[in-house]
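Throughout, numbering of the chain's residues begins at 1 and tracks the sequence. Scope of the values below: all heavy atoms of this structure, side chains included, with no hydrogens, waters or symmetry mates.
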Amino acid sequence: METIIKKTNEADAIKLASEILKKGGLVAFPTETVYGLGGDALRPEASMDIYKAKGRPSDNPLIVHIADTKDVYKLAENVSSKAEALMEAFWPGPMTLIFNKKELVPKETTGGLNTVAIRMPSHPDAARLIRESGVYIAAPSANTSGRPSPSTAEHVIEDLNGKIDMILDGGPVGIGIESTIVDMTGEIPTICRPGFITKKMLESIIGEVEIDKALISPDKNLHPKAPGMKYTHYAPHGQLYIVESEKDESVVTDEVISKINSLVEEKTNEGYKVAVLTTKDKMSSYKCENIILLGEKGDGTTVASRLYAALRECDTIKADFIYSEGFNRDDFGGAIMNRLIKSAGHKVILV
């Protein structure tokens, strides 16, 4: 298959992408979180094609992207007042809500579940594509399953060129990690995937919100509520380890720095290529040829926007071993640590 690649600001790009979606084809497109791989959410065969292109397990539900809040009521049952309050506060934006689905939504799109995940992206190109196509777009991240999610069109091309109909290039995304997922089907709303919209932000609107403890714990024996979160995600080709302080995971102590430097020296002497993921304030502390900057320690938004690109840089340099500092597990830091822990396959070294 020859994949069409166009900039979103080209005159016919959105129109062509819309026609492809209407015919049941697949289009990768930018959102404010990461690039998505889109197909018609109401066509079972389109959803199956998404799973096939990504190599994604078919029990991992797809998120349905909409451009108007009223469409929720066409796709979902039992939309509560709390859900409506969250939609009013955070849509369009990086929040996905899980509802009981209507028969209209095929189980091929929902991973066989009786629930449907819905979000309204704020990225103007994504909103325009949904509106012009007239299609509810089922879209996971536009990467090979298990690989770091794409924050640029180049990442999508690397993974999916020749496997899908079209890639819309809208430049680098803003947030850089996937949307917060909130399950609204229970008595107490539950965060099934942390993201830019934090627990504190949600609770400021609707009161009590639970978070699935398996999401940010290094304990691989804890099983997450959301089916998709049980799989290894975001992983570079090399072995990634997170090194943290036993006393305070969010603080990069002298002992953490010393341990990372010791591991770097050991693996380098054994002939391996090694990389260190760090923040700007600690870059000079490490004795490693390949220092990859994640952002500012106190600014989670810079770390999130760089995280997946940094993991792909590790692949570009063919790093065999990668060592990363840890981050605060509160609020947005919890979303970053969720991705890092999944990337590392729960390999955490405490010092």
Side-chain angles (χ1 to χ4, degrees), residues 1-21 25-40 46 49-56 62-63 65 67 92 94 119 121-133 135 137-179 195-196 233-237 292-295 301-317 339 343:
M1 176 186 293
E2 183 177 349
T3 300
I4 301 165
I5 302 171
K6 283 185 174 289
K7 301 279 187 183
T8 54
N9 59 7
E10 291 185 50
D12 63 340
I14 299 294
K15 181 180 179 182
L16 178 57
S18 297
E19 291 303 318
I20 289 170
L21 288 171
L26 303 186
V27 176
F29 62 99
T31 77
E32 72 277 17
T33 56
V34 298
Y35 272 74
L37 174 58
D40 186 342
D49 285 344
I50 290 172
Y51 289 120
K52 182 179 178 181
K54 282 177 60 69
R56 179 185 176 100
L62 307 177
I63 294 173
H65 292 62
R119 108 170 174 92
S122 62
H123 195 290
D125 293 331
R128 186 178 161 205
L129 179 63
I130 298 165
R131 289 195 178 98
E132 290 201 16
S133 68
V135 167
I137 301 179
S141 54
N143 59 307
T144 300
S145 189
R147 297 277 292 122
S149 296
S151 53
T152 68
E154 287 74 19
H155 297 160
V156 182
I157 292 167
E158 181 183 327
D159 281 11
L160 297 179
N161 193 20
K163 298 179 181 179
I164 63 177
D165 297 287
M166 186 174 183
I167 297 170
L168 282 171
D169 182 355
V173 300
I175 294 173
I177 62 174
E178 299 83 357
S179 62
F196 185 79
H233 286 303
Y234 328 120
H237 294 310
I292 297 179
L293 180 64
L294 284 177
T301 57
T302 64
V303 175
S305 66
R306 275 280 302 148
L307 179 60
Y308 292 140
L311 293 174
R312 285 180 179 263
E313 282 179 35
C314 293
D315 289 344
T316 299
I317 65 170
R339 273 52 169 200
S343 299

D159 side chain vs T144 backbone, donor-acceptor pair below 3.5 Å: yes

Under 3.5 Å: donor-acceptor pair, side chain of D165, backbone of L26: yes

Nearest atoms (heavy-atom pairs only) where H123 meets E32: N-OE1, 3.3 Å

E313 CD to L293 CG distance, which is reported to the nearest 0.5 Å: 9.0 Å

Which atom of T31 lies closest to which atom of P121, heavy atoms considered: CB-CB, 4.5 Å

Spatial distance of atom CZ (F29) from atom CD1 (I167) [nearest 0.5 Å]: 13.0 Å

Backbone of A142 reached by a side-chain donor or acceptor of K54 within 3.5 Å: no

I20 CD1 to M166 CE distance, which is reported to the nearest 0.5 Å: 5.5 Å

Check: R56 side chain, I50 main-chain N or O, donor-acceptor pair, under 3.5 Å: no

R306 side-chain N/O to I292 backbone N/O, donor-acceptor pair under 3.5 Å: no

Nearest-0.5 Å distance that lies between atom CD in E10 and atom NZ in K15: 14.5 Å

D125 side chain near L168 side chain, heavy-atom distance below 4.5 Å: no

Nearest heavy-atom neighbours spanning G195 and I177: CA-CD1, 4.4 Å

Test item: D315 side-chain N/O and P236 main-chain N/O as donor-acceptor pair under 3.5 Å: no

Side-chain (T3) to main-chain (G162) donor-acceptor, under 3.5 angstrom: yes

Nearest heavy atoms of R147 and R312, plus distance in Å: NH2-NH1, 3.8 Å

Donor-acceptor under 3.5 Å (S151 side chain, V173 main chain): no

Minimum heavy-atom distance between A235 and P148, given as atom pair plus value: O-CD, 3.2 Å

Pair T33-R119, side-chain donor/acceptor within less than 3.5 Å: yes

Main-chain N/O of E154 paired to Y35 side chain as donor or acceptor, under 3.5 Å: no

Residue pair I5, N161: steps toward the side chain to side chain contact (heavy atoms under 4.5 Å, CB included) verdict: CA-CA 9 Å; I5 302 171; N161 193 20; 4.2 Å; yes

L21 side, atom CG; L16 side, atom CG - distance, nearest 0.5 Å: 10.0 Å

For the student: nearest non-hydrogen atoms of A17 and V27, plus distance: O-CG2, 3.7 Å

Rounded distance (nearest 0.5 Å) linking atom CD1 of I175 with atom OG1 of T301: 9.5 Å

